[in-house]
Amino acid sequence: MLKVNNIDVFYGNIHALKGVSLEVNEGEIVTLIGANGAGKSTLLKTLSGLLKPKSGDITYQTKQIGGKPAQSIVKSGISQVPEGRRVFANMSVEENLELGAYLRKDRDGIKKDLANVFELFPRLNERRKQQSGTLSGGEQQMLAMGRALMAKPKLLLLDEPSMGLAPLIVKQIFEIIRMVNSQGTTVLLVEQNANMALSIADRAYVIETGKIVLSGTAKELQESEKVKEAYLGGV
Amino acid sequence: MEWLQQLVNGISLGSIYALIALGYTMVYGIIKLINFAHGDVFMLGAFIGFFAIARWDMGFFPALLLAMLLCAIIGVIIERVAYKRLRNATRIAALITAIGVSLLIEYTVIFFRGATPEAYPQIMAETSINFLGANISTKSLLILMVTIVLMLLLQFIVHKTKIGKAMRAVSHDADAARLMGINVDNTISATFAIGSALAGAAGVIFGFYYTRIDPLMGILPGLKAFVAAVLGGIGSIPGAMVGGLVLGVVESIVNAVGYSLWRDAAAFVILIFILIVKPSGIFGKNVREKV
């Protein structure tokens with residue numbers, strides 16, 4: 001479904017991604033784990049069109065999307081839940097969700113998906129008229145996810161959904177990711193919380209200072225000595 | 001009831017400031033630029049209205065609409081030509097560019113038609129109605145009505161339409177807006193178009209009310225509208241409306257108590273005062289966001 005082939009991305013003068021390749025197949029949950037500053041968010045930003053790759057190509061379905069503007073990528077069915085949620089704090093929950101469906105014209109479909117999102121996140125329904133800046137961190141994460149789902153993506157990119165959240169909330173969020181995936185959305189999940197990420201993923205990649213250093217099924221990586229040592233908190 | 005009359009004068013003047021201030025505040029809200037060329041768009045609006053009425057025999061409302069339309073186009077051109085390439089430059093570079101654009105517009109107009117003032121044609125008989133002992137000219141009522149309609153329209157656009165929501169989203173977080181599929185460049189252009197159209201309307205109204213226009217007329221109202229925007233809280237649309245009205249009324253009061261020569265100074269005293277006491281302005285937000 002998504003094929004990243006040998007891309008190089010610069011963040012200002014920093015060579016943030018060095019010849020990164022990865023692949024996401026339809027229906028999978030693929031996770032990309034790595035430490036702070038390894039280039040995880042850079043990769044997602046490149047996939048979403050916020051950054052342009054200097055070389056290499058990104059193929060989504062059959063189209064080249066590397067370097068395309070963000071709106072055409074959203075239109076083709078890729079949505080991102082950005083790191084730090086980035087909800088529009090000056091707007092209500094409902095308006096945030098409406099903006100998620102910004103490029104869609106099918107009113108009935110939007111209505112249906114809004115009901116769907118409220119079913120996934122009942123808390124958002126309770127707070128639909130509330131300014132989203134007043135929500136708790138976990139609720140903002142739910143809103144950011146709901147907003148991305150409103151675009152009806154085929155591929156959902158999630159950037160550190162566990163960041164700064166209490167373990168119980170993290171568990172809930174991951175439960176919902178699994179649910180969204182089972183309803184037919186392919187997921188690429190970027191995480192520092194390797195434990196959680198590997199527990200729900202089908203396959204995984206490990207990124208270190210801009211290079212993919214390991215890949216395999218989630219199970220293989222969970223058992224890999226190297227991953228255990230570096231990311232799962234020792235043996 | 002001279003006081004009431006002064007109050008009405010102040011509100012008329014203030015509504016002109018408010019219309020200009022809206023453009024300042026909207027542009028600042030979306031690209032964090034104080035567009036110092038904005039006062040000159042106001043001047044161009046006044047001249048377009050003048051030509052429409054005096055040369056092409058248009059009525060007040062058609063002239064108003066024509067000025068708004070042309071100013072919207074001019075605003076978009078200014079943004080595309082001068083500011084767009086400075087999106088990622090330092091803010092001071094953009095600010096200096098804005099001053100450059102301002103001077104360019106002023107002296108281009110002078111180059112083509114000279115600096116002589118022009119008298120706005122009188123298209124409405126000078127009548128006034130008596131309200132609680134105050135003489136209120138029908139002109140001020142018309143101005144007030146036009147301003148209110150424009151402001152309601154703006155509120156509707158910003159809060160209810162798709163482009164308005166896109167504008168608010170971009171002003172809060174441009175990258176997050178991109179992830180929604182919002183075309184940020186077009187949204188910024190739309191903001192310039194709307195702000196400039198309001199300035200154009202203010203120009204026609206100004207000419208209609210004060211009858212004298214000239215190529216440098218945008219400087220002082222432009223600066224005062226900037227003060228109004230800061231007073232209300234730069235970036236805040238209700239702030240610009242309230243700031244403009246407050247400024248207009250204060251100026252009229254200063255006038256009424258006999259210090260008419262101090263009228264212009266009043267605006268800047270207010271600016272200094274607000275910067276010392278509450279730099280974020282009346283409606284300025286000091287929102288802390290959860291991370």
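In what follows, every chain begins at residue 1, and chains take the letters A, B, ... in the order their sequences are listed. Source: prediction; values computed, not measured.
Residue contact with chain B, scored on non-hydrogen atoms closer than 4.5 Å, involves the backbone of Val87(A) exclusively. Contact annotation for Leu50(A): only side-chain heavy atoms (C-beta onward) come within less than 4.5 Å of a heavy atom of chain B.
More than 12 heavy atoms of other residues, nucleotides or ligands lie within 6.0 Å of CZ in Phe268(B), so this atom counts as buried by the packing criterion. Heavy-atom neighbours of Lys3(A) NZ from other residues, nucleotides or ligands within 6.0 Å: at or below the threshold of 12. Residue Gln61(A) places its CD atom among more than 12 non-hydrogen atoms of other residues, nucleotides or ligands, all under 6.0 Å distant. Around atom OH of Tyr11(A), no more than 12 heavy atoms belonging to other residues, nucleotides or ligands sit under 6.0 Å away. Surrounding NZ of Lys32(B) are more than 12 heavy atoms belonging to other residues, nucleotides or ligands, all under 6.0 Å away.
Using a 4.5 Å cut-off on side-chain heavy atoms (C-beta onward), Arg86(A) and Asp175(B) make contact.
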inquiry  = Run the side chain to side chain contact (heavy atoms under 4.5 Å, CB included) test on Leu99(A) and Lys165(B) for me, step by step, so that the C-alpha distance in whole Å, both residues' side-chain angles and the decisive distance to 0.1 Å come before the verdict.
reply    = CA-CA 8 Å; Leu99(A) 279 170; Lys165(B) 285 176 188 166; 4.1 Å; yes

request  = Just do the side chain to side chain contact (heavy atoms under 4.5 Å, CB included) check on Arg168(B) and Phe88(A) with the steps written out, would you?
outcome  = CA-CA 8 Å; Arg168(B) 282 154 67 210; Phe88(A) 301 109; over 6 Å; no

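The line from CZ of Arg85(A) to CG of Asp173(B) is 13.5 Å long, rounded to the nearest 0.5 Å. Taken from OH in Tyr102(A) to CG in Leu179(B), the straight-line distance is 14.0 Å, to the nearest 0.5 Å. Note that the OG atom of Ser79(A) and the CE atom of Met180(B) stand 7.0 Å from one another [nearest 0.5 Å]. Expressed to the nearest 0.5 Å, how far NE2 of His172(B) lies from OG of Ser132(A) amounts to 7.5 Å.
Among the candidates Arg147(A), Gln80(A), Lys75(A), Met91(A), the residue making the largest number of heavy-atom pairs closer than 4.5 Å to chain B is Met91(A).
Here the closest non-hydrogen pair linking Arg178(B) and Ala70(A) is O-CB, 3.6 Å.
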